[in-house]
Protein chains: 2
Amino acid sequence: MRLMSPPVGLTALADTDLVGQVARILTQAIIKGQLLPGAKVVEAGIARELGVSRAPVREAARLLEQQGLLVSHPRRGFFVRKLEATDIDEVYDLRICVECHAGVLASKNMTPANRDMLRRQIDVMHETAAIDDHARQIEEDYKFHRMICEIAGSKRLLRLFDDLASELRMTIGLIGRLYDDPHRIAQTHEALLEVLEQGHADIITARIDYHIGAAWREVGKLVRELPSSTNGAAT
Amino acid sequence: MRLMSPPVGLTALADTDLVGQVARILTQAIIKGQLLPGAKVVEAGIARELGVSRAPVREAARLLEQQGLLVSHPRRGFFVRKLEATDIDEVYDLRICVECHAGVLASKNMTPANRDMLRRQIDVMHETAAIDDHARQIEEDYKFHRMICEIAGSKRLLRLFDDLASELRMTIGLIGRLYDDPHRIAQTHEALLEVLEQGHADIITARIDYHIGAAWREVGKLVRELPSSTNGAAT
DNA sequence: TAATCGTCGATTGTCGACAGTTTAATCTTG
DNA sequence: CAAGATTAAACTGTCGACAATCGACGATTA
(Lines give C-alpha, C1' and ligand atoms only; values in the text may rest on other atoms or scores of the structure.)
Protein backbone atom coordinates (compact mmCIF):
# COMPACT_ATOMS: atom_id res chain seq x y z
CA MET A 1 0.00 0.00 0.00
CA ARG A 2 2.86 2.42 0.39
CA LEU A 3 2.75 4.34 -2.83
CA MET A 4 5.78 6.53 -2.49
CA SER A 5 9.41 5.56 -2.43
CA PRO A 6 10.51 5.47 1.20
CA PRO A 7 11.79 8.99 1.76
CA VAL A 8 15.43 8.56 2.63
CA GLY A 9 16.63 12.08 3.33
CA LEU A 10 18.51 12.89 0.16
CA THR A 11 19.42 16.47 -0.64
CA ALA A 12 17.76 17.38 -3.90
CA LEU A 13 20.63 17.97 -6.31
CA ALA A 14 20.78 21.47 -7.69
CA ASP A 15 18.75 21.67 -10.87
CA THR A 16 20.96 23.57 -13.27
CA ASP A 17 18.39 26.40 -13.50
CA LEU A 18 20.42 28.58 -15.83
CA VAL A 19 18.26 31.67 -15.38
CA GLY A 20 18.67 31.65 -11.63
CA GLN A 21 22.40 31.25 -11.91
CA VAL A 22 22.73 34.09 -14.38
CA ALA A 23 20.56 36.28 -12.17
CA ARG A 24 22.76 35.55 -9.16
CA ILE A 25 25.95 36.25 -11.09
CA LEU A 26 24.60 39.54 -12.41
CA THR A 27 23.41 40.54 -8.96
CA GLN A 28 26.84 39.83 -7.53
CA ALA A 29 28.49 41.79 -10.32
CA ILE A 30 26.33 44.80 -9.52
CA ILE A 31 26.86 44.59 -5.78
CA LYS A 32 30.60 44.06 -6.14
CA GLY A 33 30.76 47.09 -8.36
CA GLN A 34 31.95 45.31 -11.50
CA LEU A 35 28.87 46.79 -13.13
CA LEU A 36 28.57 50.43 -12.14
CA PRO A 37 25.27 52.30 -12.00
CA GLY A 38 24.29 53.56 -15.42
CA ALA A 39 26.34 50.93 -17.21
CA LYS A 40 24.75 49.20 -20.18
CA VAL A 41 24.19 45.48 -19.83
CA VAL A 42 24.74 43.98 -23.25
CA GLU A 43 22.87 40.71 -23.57
CA ALA A 44 25.17 39.15 -26.13
CA GLY A 45 28.23 40.14 -24.14
CA ILE A 46 27.01 38.61 -20.90
CA ALA A 47 25.84 35.54 -22.78
CA ARG A 48 29.19 35.03 -24.48
CA GLU A 49 31.08 35.59 -21.27
CA LEU A 50 29.00 33.01 -19.43
CA GLY A 51 28.90 30.56 -22.30
CA VAL A 52 25.12 30.57 -22.68
CA SER A 53 22.67 31.93 -25.20
CA ARG A 54 20.86 35.23 -24.92
CA ALA A 55 17.50 33.77 -23.90
CA PRO A 56 18.43 32.92 -20.29
CA VAL A 57 20.26 36.23 -19.96
CA ARG A 58 17.18 38.15 -21.04
CA GLU A 59 14.98 36.31 -18.57
CA ALA A 60 17.46 36.93 -15.78
CA ALA A 61 17.62 40.59 -16.70
CA ARG A 62 13.85 40.86 -16.53
CA LEU A 63 14.06 39.36 -13.05
CA LEU A 64 16.57 41.94 -11.89
CA GLU A 65 14.48 44.64 -13.49
CA GLN A 66 11.44 43.71 -11.44
CA GLN A 67 13.75 43.59 -8.45
CA GLY A 68 14.90 47.13 -9.10
CA LEU A 69 18.55 46.48 -9.94
CA LEU A 70 18.19 47.07 -13.67
CA VAL A 71 16.05 49.37 -15.77
CA SER A 72 14.96 48.53 -19.28
CA HIS A 73 14.81 51.15 -22.02
CA PRO A 74 12.85 49.50 -24.83
CA ARG A 75 14.89 48.84 -27.95
CA ARG A 76 17.97 50.17 -26.16
CA GLY A 77 18.63 47.50 -23.61
CA PHE A 78 19.10 47.04 -19.90
CA PHE A 79 21.08 49.42 -17.71
CA VAL A 80 22.26 49.19 -14.15
CA ARG A 81 19.89 51.26 -12.08
CA LYS A 82 21.16 54.64 -11.07
CA LEU A 83 20.08 55.26 -7.50
CA GLU A 84 19.54 58.94 -6.77
CA ALA A 85 19.48 60.24 -3.25
CA THR A 86 15.69 60.23 -3.41
CA ASP A 87 15.72 56.51 -4.21
CA ILE A 88 17.82 55.81 -1.16
CA ASP A 89 15.29 57.74 0.86
CA GLU A 90 12.43 55.71 -0.56
CA VAL A 91 14.13 52.43 0.20
CA TYR A 92 15.04 53.34 3.75
CA ASP A 93 11.59 54.72 4.36
CA LEU A 94 10.01 51.48 3.20
CA ARG A 95 12.56 49.48 5.10
CA ILE A 96 11.60 51.15 8.35
CA CYS A 97 7.94 50.52 7.62
CA VAL A 98 8.53 46.86 6.82
CA GLU A 99 11.01 46.03 9.54
CA CYS A 100 9.02 47.68 12.30
CA HIS A 101 6.15 45.47 11.31
CA ALA A 102 8.41 42.45 11.09
CA GLY A 103 9.78 43.20 14.53
CA VAL A 104 6.36 43.25 16.13
CA LEU A 105 5.38 40.01 14.41
CA ALA A 106 8.68 38.40 15.30
CA SER A 107 8.35 39.28 18.96
CA LYS A 108 5.09 37.35 19.01
CA ASN A 109 6.78 34.29 17.49
CA MET A 110 9.82 34.54 19.73
CA THR A 111 10.99 31.14 20.95
CA PRO A 112 14.18 30.18 22.79
CA ALA A 113 15.53 28.78 19.54
CA ASN A 114 14.88 32.05 17.74
CA ARG A 115 16.37 34.03 20.57
CA ASP A 116 19.54 31.94 20.40
CA MET A 117 19.77 32.33 16.66
CA LEU A 118 19.69 36.12 16.97
CA ARG A 119 22.04 36.04 19.94
CA ARG A 120 24.57 33.97 17.99
CA GLN A 121 24.32 36.32 15.04
CA ILE A 122 25.25 39.22 17.29
CA ASP A 123 28.24 37.20 18.45
CA VAL A 124 29.26 36.71 14.85
CA MET A 125 28.95 40.43 14.32
CA HIS A 126 31.27 41.08 17.24
CA GLU A 127 33.79 38.60 15.87
CA THR A 128 33.57 40.14 12.42
CA ALA A 129 34.05 43.58 13.93
CA ALA A 130 37.63 42.60 14.74
CA ILE A 131 38.46 41.87 11.12
CA ASP A 132 38.69 44.71 8.64
CA ASP A 133 36.21 43.52 6.05
CA HIS A 134 33.43 46.00 5.32
CA ALA A 135 31.55 43.80 2.91
CA ARG A 136 31.46 40.98 5.45
CA GLN A 137 30.37 43.27 8.27
CA ILE A 138 27.53 44.68 6.23
CA GLU A 139 26.50 41.17 5.26
CA GLU A 140 26.34 40.01 8.86
CA ASP A 141 24.34 43.08 9.76
CA TYR A 142 21.78 42.29 7.07
CA LYS A 143 21.64 38.68 8.20
CA PHE A 144 20.46 39.79 11.61
CA HIS A 145 17.71 41.93 10.18
CA ARG A 146 16.76 39.16 7.77
CA MET A 147 16.38 36.75 10.66
CA ILE A 148 13.80 39.04 12.20
CA CYS A 149 11.80 38.86 8.98
CA GLU A 150 12.18 35.09 8.93
CA ILE A 151 10.92 34.81 12.46
CA ALA A 152 8.01 37.07 11.57
CA GLY A 153 6.93 34.13 9.43
CA SER A 154 5.66 35.84 6.28
CA LYS A 155 7.17 34.77 3.00
CA ARG A 156 6.14 38.01 1.33
CA LEU A 157 7.64 40.08 4.08
CA LEU A 158 10.89 38.21 3.71
CA ARG A 159 11.00 38.59 -0.05
CA LEU A 160 10.27 42.28 0.26
CA PHE A 161 13.16 42.62 2.69
CA ASP A 162 15.47 40.81 0.31
CA ASP A 163 14.49 43.11 -2.53
CA LEU A 164 15.10 46.22 -0.47
CA ALA A 165 18.35 44.81 0.85
CA SER A 166 19.77 44.14 -2.59
CA GLU A 167 18.93 47.68 -3.67
CA LEU A 168 20.76 48.98 -0.64
CA ARG A 169 23.74 46.67 -1.03
CA MET A 170 24.19 48.13 -4.49
CA THR A 171 24.69 51.59 -2.99
CA ILE A 172 26.58 50.51 0.10
CA GLY A 173 29.07 48.86 -2.20
CA LEU A 174 29.75 52.24 -3.78
CA ILE A 175 30.27 54.01 -0.48
CA GLY A 176 32.98 51.54 0.36
CA ARG A 177 33.16 52.26 4.04
CA LEU A 178 31.03 51.79 7.11
CA TYR A 179 29.09 54.60 8.69
CA ASP A 180 30.03 53.70 12.23
CA ASP A 181 32.32 51.64 14.40
CA PRO A 182 31.48 47.96 13.83
CA HIS A 183 31.50 47.12 17.55
CA ARG A 184 29.14 49.95 18.25
CA ILE A 185 26.82 48.64 15.53
CA ALA A 186 26.86 45.17 17.03
CA GLN A 187 25.99 46.63 20.42
CA THR A 188 23.05 48.47 18.95
CA HIS A 189 21.68 45.13 17.85
CA GLU A 190 21.88 43.79 21.36
CA ALA A 191 19.58 46.54 22.49
CA LEU A 192 17.28 45.61 19.64
CA LEU A 193 17.15 41.98 20.67
CA GLU A 194 16.36 43.06 24.19
CA VAL A 195 13.23 44.97 23.25
CA LEU A 196 12.20 42.15 20.92
CA GLU A 197 12.24 39.76 23.85
CA GLN A 198 10.32 42.18 26.00
CA GLY A 199 7.61 42.23 23.34
CA HIS A 200 6.03 45.64 23.71
CA ALA A 201 4.93 46.73 20.24
CA ASP A 202 5.38 50.47 20.66
CA ILE A 203 8.85 50.15 22.09
CA ILE A 204 9.92 47.72 19.37
CA THR A 205 8.66 50.05 16.68
CA ALA A 206 10.34 53.08 18.18
CA ARG A 207 13.59 51.21 18.61
CA ILE A 208 13.75 49.81 15.08
CA ASP A 209 12.64 53.13 13.66
CA TYR A 210 15.53 54.82 15.40
CA HIS A 211 18.00 52.04 14.59
CA ILE A 212 17.38 52.06 10.86
CA GLY A 213 16.81 55.78 10.81
CA ALA A 214 20.34 56.27 12.12
CA ALA A 215 21.78 54.20 9.29
CA TRP A 216 19.60 56.12 6.86
CA ARG A 217 20.93 59.47 8.01
CA GLU A 218 24.53 58.32 7.78
CA VAL A 219 24.21 56.56 4.45
CA GLY A 220 22.23 59.45 3.05
CA LYS A 221 24.96 61.86 4.03
CA LEU A 222 27.64 59.71 2.41
CA VAL A 223 25.65 59.15 -0.77
CA ARG A 224 25.10 62.87 -1.25
CA GLU A 225 28.82 63.49 -1.22
CA LEU A 226 29.64 60.69 -3.64
CA PRO A 227 31.70 61.40 -6.74
CA SER A 228 29.34 62.13 -9.59
CA SER A 229 30.83 59.26 -11.57
CA THR A 230 27.90 57.24 -10.29
CA ASN A 231 25.27 59.62 -11.53
CA GLY A 232 26.59 60.62 -14.90
CA ALA A 233 24.91 58.45 -17.55
CA ALA A 234 21.90 58.68 -19.82
CA THR A 235 18.46 59.21 -18.38
CA MET B 1 17.69 64.30 -40.25
CA ARG B 2 15.98 63.92 -36.92
CA LEU B 3 16.52 66.91 -34.72
CA MET B 4 15.35 65.31 -31.53
CA SER B 5 11.57 65.51 -31.64
CA PRO B 6 10.40 68.25 -29.24
CA PRO B 7 9.23 66.25 -26.21
CA VAL B 8 5.64 67.26 -25.92
CA GLY B 9 4.27 65.11 -23.13
CA LEU B 10 2.65 62.45 -25.22
CA THR B 11 2.02 59.07 -23.71
CA ALA B 12 4.56 57.08 -25.65
CA LEU B 13 2.28 54.64 -27.42
CA ALA B 14 3.14 51.10 -26.51
CA ASP B 15 6.23 50.24 -28.54
CA THR B 16 4.68 46.97 -29.56
CA ASP B 17 6.26 45.77 -26.27
CA LEU B 18 5.06 42.24 -26.78
CA VAL B 19 6.13 41.05 -23.35
CA GLY B 20 4.15 43.72 -21.57
CA GLN B 21 1.06 43.00 -23.62
CA VAL B 22 1.26 39.28 -23.00
CA ALA B 23 1.76 39.94 -19.29
CA ARG B 24 -1.31 42.14 -19.19
CA ILE B 25 -3.43 39.62 -21.06
CA LEU B 26 -2.34 36.80 -18.77
CA THR B 27 -3.00 38.93 -15.70
CA GLN B 28 -6.48 39.71 -16.94
CA ALA B 29 -7.14 36.07 -17.69
CA ILE B 30 -6.18 35.15 -14.14
CA ILE B 31 -8.21 37.90 -12.53
CA LYS B 32 -11.23 37.21 -14.71
CA GLY B 33 -11.05 33.57 -13.76
CA GLN B 34 -10.36 32.20 -17.23
CA LEU B 35 -7.26 30.69 -15.70
CA LEU B 36 -8.16 29.09 -12.39
CA PRO B 37 -5.71 28.67 -9.52
CA GLY B 38 -3.63 25.55 -10.00
CA ALA B 39 -4.13 25.54 -13.76
CA LYS B 40 -1.09 24.83 -15.89
CA VAL B 41 0.03 27.60 -18.21
CA VAL B 42 1.33 25.93 -21.35
CA GLU B 43 3.78 28.22 -23.10
CA ALA B 44 3.20 26.90 -26.58
CA GLY B 45 -0.55 27.07 -26.11
CA ILE B 46 -0.58 30.70 -25.01
CA ALA B 47 1.90 31.57 -27.73
CA ARG B 48 -0.20 29.96 -30.45
CA GLU B 49 -3.38 31.54 -29.15
CA LEU B 50 -1.82 35.03 -29.16
CA GLY B 51 0.02 34.52 -32.42
CA VAL B 52 3.49 35.06 -31.01
CA SER B 53 6.46 32.85 -30.28
CA ARG B 54 7.25 31.27 -26.94
CA ALA B 55 10.04 33.68 -26.00
CA PRO B 56 7.83 36.66 -25.10
CA VAL B 57 5.41 34.34 -23.31
CA ARG B 58 8.19 32.95 -21.16
CA GLU B 59 9.42 36.40 -20.25
CA ALA B 60 5.92 37.54 -19.38
CA ALA B 61 5.43 34.43 -17.27
CA ARG B 62 8.62 35.18 -15.35
CA LEU B 63 7.23 38.64 -14.69
CA LEU B 64 4.00 37.30 -13.29
CA GLU B 65 5.99 34.83 -11.25
CA GLN B 66 7.95 37.59 -9.54
CA GLN B 67 4.64 39.33 -9.04
CA GLY B 68 3.19 36.31 -7.30
CA LEU B 69 0.49 35.37 -9.79
CA LEU B 70 2.30 32.34 -11.18
CA VAL B 71 4.61 29.74 -9.70
CA SER B 72 7.25 27.96 -11.70
CA HIS B 73 8.03 24.29 -11.17
CA PRO B 74 11.33 23.75 -13.00
CA ARG B 75 11.04 21.43 -15.98
CA ARG B 76 7.30 21.24 -15.44
CA GLY B 77 6.15 24.72 -16.32
CA PHE B 78 4.19 27.62 -14.90
CA PHE B 79 1.04 27.24 -12.87
CA VAL B 80 -1.50 29.77 -11.63
CA ARG B 81 -0.72 30.41 -8.00
CA LYS B 82 -2.99 28.67 -5.56
CA LEU B 83 -3.70 31.11 -2.74
CA GLU B 84 -4.28 29.35 0.56
CA ALA B 85 -6.03 31.10 3.42
CA THR B 86 -2.63 31.77 4.97
CA ASP B 87 -1.54 33.60 1.80
CA ILE B 88 -4.54 35.88 2.02
CA ASP B 89 -3.58 36.60 5.59
CA GLU B 90 -0.04 37.46 4.59
CA VAL B 91 -1.18 39.81 1.87
CA TYR B 92 -3.71 41.63 4.01
CA ASP B 93 -1.22 41.88 6.84
CA LEU B 94 1.33 43.47 4.56
CA ARG B 95 -1.32 45.64 3.00
CA ILE B 96 -2.22 47.11 6.35
CA CYS B 97 1.42 47.75 7.10
CA VAL B 98 2.01 49.43 3.77
CA GLU B 99 -1.17 51.44 3.53
CA CYS B 100 -0.97 52.79 7.04
CA HIS B 101 2.44 54.09 6.15
CA ALA B 102 1.17 55.45 2.85
CA GLY B 103 -1.66 57.18 4.64
CA VAL B 104 0.63 59.02 7.01
CA LEU B 105 2.91 60.08 4.16
CA ALA B 106 -0.06 61.11 2.03
CA SER B 107 -1.53 63.26 4.76
CA LYS B 108 1.71 65.23 4.79
CA ASN B 109 1.53 65.78 1.03
CA MET B 110 -2.16 66.62 1.08
CA THR B 111 -3.02 69.48 -1.25
CA PRO B 112 -6.41 70.81 -2.35
CA ALA B 113 -5.90 69.06 -5.68
CA ASN B 114 -5.23 65.75 -3.98
CA ARG B 115 -8.18 66.20 -1.69
CA ASP B 116 -10.46 66.80 -4.65
CA MET B 117 -9.13 63.78 -6.48
CA LEU B 118 -9.96 61.56 -3.52
CA ARG B 119 -13.29 63.27 -3.01
CA ARG B 120 -14.24 62.69 -6.64
CA GLN B 121 -13.23 59.06 -6.40
CA ILE B 122 -15.61 58.61 -3.49
CA ASP B 123 -18.33 60.15 -5.63
CA VAL B 124 -17.56 57.65 -8.35
CA MET B 125 -17.83 54.89 -5.79
CA HIS B 126 -21.25 56.12 -4.75
CA GLU B 127 -22.36 56.22 -8.38
CA THR B 128 -21.00 52.74 -8.99
CA ALA B 129 -22.80 51.52 -5.90
CA ALA B 130 -26.07 51.99 -7.74
CA ILE B 131 -25.08 49.66 -10.54
CA ASP B 132 -24.81 45.94 -9.87
CA ASP B 133 -21.25 45.35 -11.04
CA HIS B 134 -19.02 43.77 -8.42
CA ALA B 135 -15.87 43.85 -10.52
CA ARG B 136 -16.31 47.55 -11.18
CA GLN B 137 -17.04 48.35 -7.54
CA ILE B 138 -13.96 46.53 -6.38
CA GLU B 139 -11.92 48.31 -8.99
CA GLU B 140 -13.10 51.74 -7.87
CA ASP B 141 -12.35 50.78 -4.29
CA TYR B 142 -8.78 49.86 -5.18
CA LYS B 143 -8.40 53.07 -7.16
CA PHE B 144 -9.08 55.10 -4.03
CA HIS B 145 -6.48 53.21 -2.03
CA ARG B 146 -4.04 53.45 -4.91
CA MET B 147 -4.46 57.20 -4.98
CA ILE B 148 -3.33 57.38 -1.37
CA CYS B 149 -0.15 55.55 -2.34
CA GLU B 150 0.34 57.89 -5.28
CA ILE B 151 -0.05 60.93 -3.06
CA ALA B 152 2.42 59.40 -0.63
CA GLY B 153 4.90 59.96 -3.43
CA SER B 154 7.03 56.83 -3.30
CA LYS B 155 7.36 54.81 -6.49
CA ARG B 156 8.31 51.71 -4.56
CA LEU B 157 5.37 52.05 -2.25
CA LEU B 158 3.07 52.33 -5.23
CA ARG B 159 4.52 49.31 -6.98
CA LEU B 160 4.26 47.28 -3.81
CA PHE B 161 0.62 48.24 -3.52
CA ASP B 162 -0.01 47.20 -7.12
CA ASP B 163 1.60 43.83 -6.53
CA LEU B 164 -0.46 43.18 -3.42
CA ALA B 165 -3.60 44.38 -5.16
CA SER B 166 -3.22 42.02 -8.09
CA GLU B 167 -2.73 39.11 -5.72
CA LEU B 168 -5.93 40.09 -3.97
CA ARG B 169 -7.90 40.70 -7.14
CA MET B 170 -7.12 37.13 -8.10
CA THR B 171 -8.92 35.87 -5.01
CA ILE B 172 -11.68 38.45 -4.98
CA GLY B 173 -12.55 37.31 -8.48
CA LEU B 174 -13.16 33.84 -7.12
CA ILE B 175 -15.39 34.98 -4.31
CA GLY B 176 -17.67 36.66 -6.83
CA ARG B 177 -19.54 38.86 -4.42
CA LEU B 178 -18.88 41.83 -2.19
CA TYR B 179 -18.43 41.53 1.52
CA ASP B 180 -20.60 44.50 2.33
CA ASP B 181 -23.13 46.95 0.98
CA PRO B 182 -21.38 49.11 -1.64
CA HIS B 183 -22.84 52.36 -0.31
CA ARG B 184 -21.64 51.52 3.16
CA ILE B 185 -18.17 50.85 1.77
CA ALA B 186 -18.16 54.21 0.01
CA GLN B 187 -19.16 55.90 3.26
CA THR B 188 -16.31 54.24 5.09
CA HIS B 189 -13.95 55.89 2.65
CA GLU B 190 -15.38 59.29 3.45
CA ALA B 191 -14.39 58.78 7.06
CA LEU B 192 -10.96 57.79 5.86
CA LEU B 193 -10.54 60.92 3.81
CA GLU B 194 -11.59 62.96 6.80
CA VAL B 195 -8.83 61.67 9.06
CA LEU B 196 -6.34 62.01 6.21
CA GLU B 197 -7.16 65.72 6.02
CA GLN B 198 -6.91 66.10 9.76
CA GLY B 199 -3.39 64.67 9.53
CA HIS B 200 -2.86 63.04 12.91
CA ALA B 201 -0.60 60.02 12.34
CA ASP B 202 -1.94 57.80 15.09
CA ILE B 203 -5.55 58.33 14.13
CA ILE B 204 -4.81 57.72 10.46
CA THR B 205 -3.02 54.51 11.26
CA ALA B 206 -5.76 53.29 13.54
CA ARG B 207 -8.43 54.15 11.00
CA ILE B 208 -6.74 52.45 8.04
CA ASP B 209 -5.84 49.47 10.17
CA TYR B 210 -9.48 49.05 11.07
CA HIS B 211 -10.72 49.78 7.56
CA ILE B 212 -8.57 47.16 5.86
CA GLY B 213 -8.82 44.81 8.79
CA ALA B 214 -12.59 44.73 8.32
CA ALA B 215 -12.20 43.72 4.68
CA TRP B 216 -9.62 41.13 5.73
CA ARG B 217 -11.99 39.52 8.20
CA GLU B 218 -14.82 39.36 5.69
CA VAL B 219 -12.74 38.14 2.78
CA GLY B 220 -10.98 35.63 5.01
CA LYS B 221 -14.30 34.23 6.08
CA LEU B 222 -15.51 33.92 2.50
CA VAL B 223 -12.28 32.35 1.29
CA ARG B 224 -12.35 29.70 3.95
CA GLU B 225 -15.78 28.56 2.85
CA LEU B 226 -14.89 28.48 -0.85
CA PRO B 227 -15.57 25.35 -2.88
CA SER B 228 -12.42 23.22 -2.83
CA SER B 229 -12.28 23.38 -6.62
CA THR B 230 -9.84 26.21 -6.10
CA ASN B 231 -7.49 24.23 -3.93
CA GLY B 232 -7.49 20.87 -5.57
CA ALA B 233 -4.51 20.69 -7.97
CA ALA B 234 -0.93 19.52 -7.88
CA THR B 235 1.46 20.97 -5.35
C1' DT C 1 -4.06 -8.29 -8.37
C1' DA C 2 -1.08 -4.69 -7.38
C1' DA C 3 3.18 -2.61 -7.79
C1' DT C 4 7.11 -1.67 -10.81
C1' DC C 5 9.37 -0.93 -15.28
C1' DG C 6 9.66 0.73 -19.97
C1' DT C 7 7.99 3.27 -23.76
C1' DC C 8 5.76 7.27 -26.17
C1' DG C 9 3.83 11.77 -26.80
C1' DA C 10 3.93 16.35 -25.02
C1' DT C 11 6.42 20.23 -23.10
C1' DT C 12 10.30 22.76 -21.39
C1' DG C 13 15.03 24.79 -21.64
C1' DT C 14 18.18 26.42 -24.68
C1' DC C 15 20.14 27.70 -28.88
C1' DG C 16 21.28 30.10 -33.39
C1' DA C 17 19.33 33.13 -36.90
C1' DC C 18 17.11 37.14 -38.98
C1' DA C 19 14.92 41.66 -39.40
C1' DG C 20 14.50 46.27 -37.69
C1' DT C 21 16.38 49.83 -34.85
C1' DT C 22 19.72 52.35 -32.35
C1' DT C 23 24.45 53.96 -31.81
C1' DA C 24 28.97 55.17 -33.61
C1' DA C 25 31.85 56.57 -37.04
C1' DT C 26 32.71 58.69 -41.37
C1' DC C 27 31.94 61.85 -44.75
C1' DT C 28 30.11 66.07 -46.58
C1' DT C 29 29.43 71.03 -46.82
C1' DG C 30 28.76 75.80 -45.48
C1' DC D 1 36.35 73.88 -38.27
C1' DA D 2 31.75 72.77 -36.89
C1' DA D 3 27.21 71.00 -37.81
C1' DG D 4 24.52 68.07 -40.28
C1' DA D 5 23.89 64.13 -43.38
C1' DT D 6 25.30 59.39 -44.49
C1' DT D 7 26.97 54.95 -43.94
C1' DA D 8 28.49 50.99 -41.17
C1' DA D 9 28.51 48.32 -37.02
C1' DA D 10 26.26 46.66 -33.00
C1' DC D 11 22.40 45.40 -30.55
C1' DT D 12 17.63 44.18 -29.45
C1' DG D 13 13.16 41.80 -30.21
C1' DT D 14 11.32 37.89 -32.00
C1' DC D 15 11.13 33.56 -34.16
C1' DG D 16 11.55 28.49 -35.28
C1' DA D 17 14.22 24.30 -34.17
C1' DC D 18 16.25 20.62 -31.43
C1' DA D 19 17.62 17.88 -27.55
C1' DA D 20 16.48 16.75 -22.72
C1' DT D 21 12.97 15.78 -19.57
C1' DC D 22 8.47 14.82 -17.62
C1' DG D 23 3.87 12.45 -17.11
C1' DA D 24 0.79 8.95 -18.65
C1' DC D 25 -0.28 4.62 -20.13
C1' DG D 26 0.30 0.05 -20.97
C1' DA D 27 3.38 -4.23 -20.42
C1' DT D 28 5.59 -7.23 -17.06
C1' DT D 29 6.28 -9.87 -13.11
C1' DA D 30 5.87 -11.79 -8.62
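Per chain, numbering begins at 1; letters A, B, ... match sequence-line order.
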TODO: Start with the C-alpha distance between B:E59 and B:R62, add both sets of side-chain angles, then the distance that settles salt bridge (charged side-chain N to carboxylate O under 4.0 Å, His left out), and finish with yes or no.
DONE: CA-CA 5 Å; B:E59 293 187 26; B:R62 276 254 146 69; over 6 Å; no
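Contact between the side-chain N/O atoms of B:K40 and the OP1/OP2 oxygens of D:dC22 is not found at any separation under 4.0 Å.
Using a 4.0 Å heavy-atom cutoff across all strands shown, B:V41 reaches sugar-phosphate atoms only and no base atom. Across all strands shown, A:V57 has no heavy atoms under 4.0 Å from either base or sugar-phosphate atoms.
Residues passing the side-chain hydrogen bond (donor to acceptor under 3.5 Å, both in side chains) test with A:E43, sequence neighbours excluded: A:R54, A:R58.
The main-chain N or O of A:Q66 is found under 3.5 Å from a side-chain atom of B:R159 such that the two form a donor-acceptor pair.
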Enumerate, atom names and distances included, each donor-acceptor pair closer than 3.5 Å involving a side-chain atom of residues 149-156 of chain B, sequence neighbours excluded.
from   : atom 1 : to     : atom 2 : distance (Å)
B:E150 : OE2    : B:R146 : NH1    : 3.2
B:S154 : OG     : A:E90  : OE1    : 3.2
B:S154 : OG     : B:L157 : N      : 3.2
B:R156 : NE     : A:E167 : OE1    : 3.4
B:R156 : NE     : A:E167 : OE2    : 3.1
B:R156 : NH1    : A:D87  : OD1    : 3.2
B:R156 : NH1    : A:E90  : OE1    : 2.9
B:R156 : NH2    : A:D87  : OD1    : 3.4
B:R156 : NH2    : A:E167 : OE1    : 2.8

Between the protein and nucleotides 13-15 of chain C, are there any N/O to N/O pairs under 3.5 Å, and if so, what are the atom names and distances?
from   : atom 1 : to    : atom 2 : distance (Å)
C:dG13 : OP1    : B:R75 : N      : 3.2
C:dG13 : OP2    : B:R58 : NH1    : 2.4
C:dG13 : OP2    : B:R58 : NH2    : 3.2
C:dG13 : N7     : B:R54 : NH2    : 2.7
C:dG13 : O6     : B:R54 : NH1    : 2.9
C:dT14 : OP1    : A:L18 : N      : 3.4
C:dC15 : OP2    : A:S53 : N      : 2.5
C:dC15 : OP2    : A:S53 : OG     : 2.9

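Taking the side chain as every heavy atom from C-beta outward, B:F79 and B:L70 never approach each other to under 4.5 Å.
Ring orientation note: the planes of B:H145 and B:F161 are close to parallel, at an angle under 30° on the 30°/60° scale.
Across the protein-nucleic acid pair, A:I46 atom CD1 and D:dA10 atom P stand 17 Å apart, rounded to whole Å.
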